2 protein chains.
Amino acid sequence: MSGKRSLIRSGTTVDQMVRAIGDRIVTGVLRPGEKLDEASLATRFEVSRTPVREALGQLSAMGLVERRPNRGAIVAVVTQEHLASMFESMAELEGICARFCAERMTGGERRALEVEHQASARLVRLGAEEDYEYFNTEFHTRLYRGAHSTHIYELTVMTRSRLAPFRRAQFRLSGRLAKSWQEHDAIVTAILRGDGASAGIAAKNHVSIVSEASAVFAAVDPASPKAGLAELPS
Amino acid sequence: MSGKRSLIRSGTTVDQMVRAIGDRIVTGVLRPGEKLDEASLATRFEVSRTPVREALGQLSAMGLVERRPNRGAIVAVVTQEHLASMFESMAELEGICARFCAERMTGGERRALEVEHQASARLVRLGAEEDYEYFNTEFHTRLYRGAHSTHIYELTVMTRSRLAPFRRAQFRLSGRLAKSWQEHDAIVTAILRGDGASAGIAAKNHVSIVSEASAVFAAVDPASPKAGLAELPS
DNA sequence: CCAAAGGCAATTGCATGCACTTTTTGCCAT
DNA sequence: ATGGCAAAAAGTGCATGCAATTGCCTTTGG
């Protein structure tokens, strides 16, 4: 083999595979239930099966893929129940983050949060869904960081990853943009006030609402290969 | 070594390795900072290096081991700061579990919780640290289960695993046994009352106290080869 | 025509081998 | 004696190969 790993560089081959496959799952290129063939992935990324196998193992440990012994791996497919549980956890986690933010954010962090938040109002007016979605991710990441708790950060980011496949397109719902901003505003205000309890509640509600918006898509999502039970409405 | 995989059987070889190595980390046989040599582990468990490598990768994804590219793996060594963050998270998570328990546990679960809890009083009177520690684990697991939230359960169990290496011997502290039982009692009472808020607070406090008890050991623990920085408080 | 069984292709699981990186050791020069 | 350098030893990272398991397809009996 002629090693031409210079394209996706950084880290070991396994790390690259974890990122590559993980990204494709999180961004929805690979849909829940889709089969992950080791050989195909190996040729697709021009590596041998070994790093692919290791990557699948790690992704499995992270909960992004599901491994059936001797029967291959598939993108993790979650039940409605588990999905609800993840959203619920997400709400709690974000609540914790917001509460901690209110109590612990530095002056600089508060200022940056406020500034970015205010700036995002423009995206709402323009109806720039794409850009707002990007900002939204940044906003929440800022909250996770602002909690100043490495482990909470890890748990939260990890949970967000696992939810990612199910929350795409949430902003396509009309009016969601403006509502989202208002909810953010409540969180920011409470944080700046140093009111942890309120910030936590606001953040929790924010996620809960998102979860309801996303649930719609989740219900339609099952990309299970077979399970081709009658799906078209008559 | 006559370890033989017949004892830890079930699942693929990789799974067995994950459990085997993970157990040794969680139970403290392998101490934080200790080097994990692939070849040694392979011969120790009578498998080839491949499954060992995969296991280390997964354990790394779980946060139990740390992998330095090209430089081998070590049992995850956490900073004081990160440790505090994990205990803090644990307190929050247990609080959530207890709150959910109060709201969601079935009659049977409540009864079982109560019965087991009362039974444990005997262990306290006998000063049976070993047995109480086992019961304690069961008790908390019961709380995690009773929350009826798969994802919260996963997060909590995972966090507990990562904390395990640092909380051994917590019951050696005199008086800890009785105090622990009283704290459990507050949690159980609140749950049976259906008082989620109180249950959450009680559980959170319980963990916080454990964290303080464990912090003592953590400070002495660093099996890190060097890093002999002054750590004793004046 | 359907159902069960058997064989075949495809795929996973693990072992081994080799290349590359890091670390150690030993030697020489200062 | 010490510092530095070089070569060897150790150990990791990935590819390849082979055995084993699974799923599919064909075949055969009812």
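To find a chain, count down the sequence lines: A is the first, B the second, and so on, and within it residues start at 1. The shown structure was predicted, so the numbers you read here are calculated from the model rather than taken from an experiment.
The backbone N or O of A:Thr106 sits less than 3.5 Å from a side-chain atom of A:Glu109, completing a donor-acceptor pair. Without hydrogens or angle criteria, B:Ser180 side chain to B:Arg176 main chain gives no donor-acceptor distance under 3.5 Å. Distance alone, capped at 3.5 Å, places no donor-acceptor pair between the B:Arg67 side chain and the B:Ser60 backbone. Side-chain atoms of A:Arg31 never come within 3.5 Å of backbone atoms of A:Glu34 as a donor-acceptor pair (strictly under, hydrogens ignored).
Rounded to whole Å, atom P of D:dT16 lies 15 Å from atom CD of A:Glu38. Atom P of nucleotide C:dT12 and atom CG of B:Asp15 are separated by 16 Å, given to the nearest angstrom. In this entry the distance linking CG of A:Asp37 with P of C:dA9 reads 18 Å, nearest Å.
One distance of note links CD of B:Glu81 with CD of B:Glu88; it measures 10.5 Å at 0.5 Å rounding.
Within the 4.0 Å cut-off from OP1 or OP2 of C:dT12, at least one side-chain nitrogen or oxygen of A:Lys35 is found. Not one side-chain nitrogen or oxygen of B:Thr12 sits closer than 4.0 Å to the OP1 or OP2 atom of C:dG13.
Checking each of A:Met90, A:Glu94, A:Glu154 against A:Thr159 for a side-chain contact (heavy atoms from CB on, under 4.5 Å) leaves exactly one that passes, namely A:Met90.
For the pair A:Glu54 and B:Arg53, the minimum side-chain heavy-atom distance is below 4.5 Å.
Interface residues of residues 60-71 of chain A facing DNA chain D, ordered by number: A:Asn70, A:Arg71; criterion, heavy-atom separation under 4.0 Å. Contacts between residues 49-59 of chain B and DNA chain D, defined by a heavy-atom separation below 4.0 Å, involve B:Arg49, B:Arg53, listed by number.
Relative to the six-membered ring of A:Phe100, A:Arg104 meets both conditions, a distance below 6.0 Å and an angle of at most 45° to the axis.
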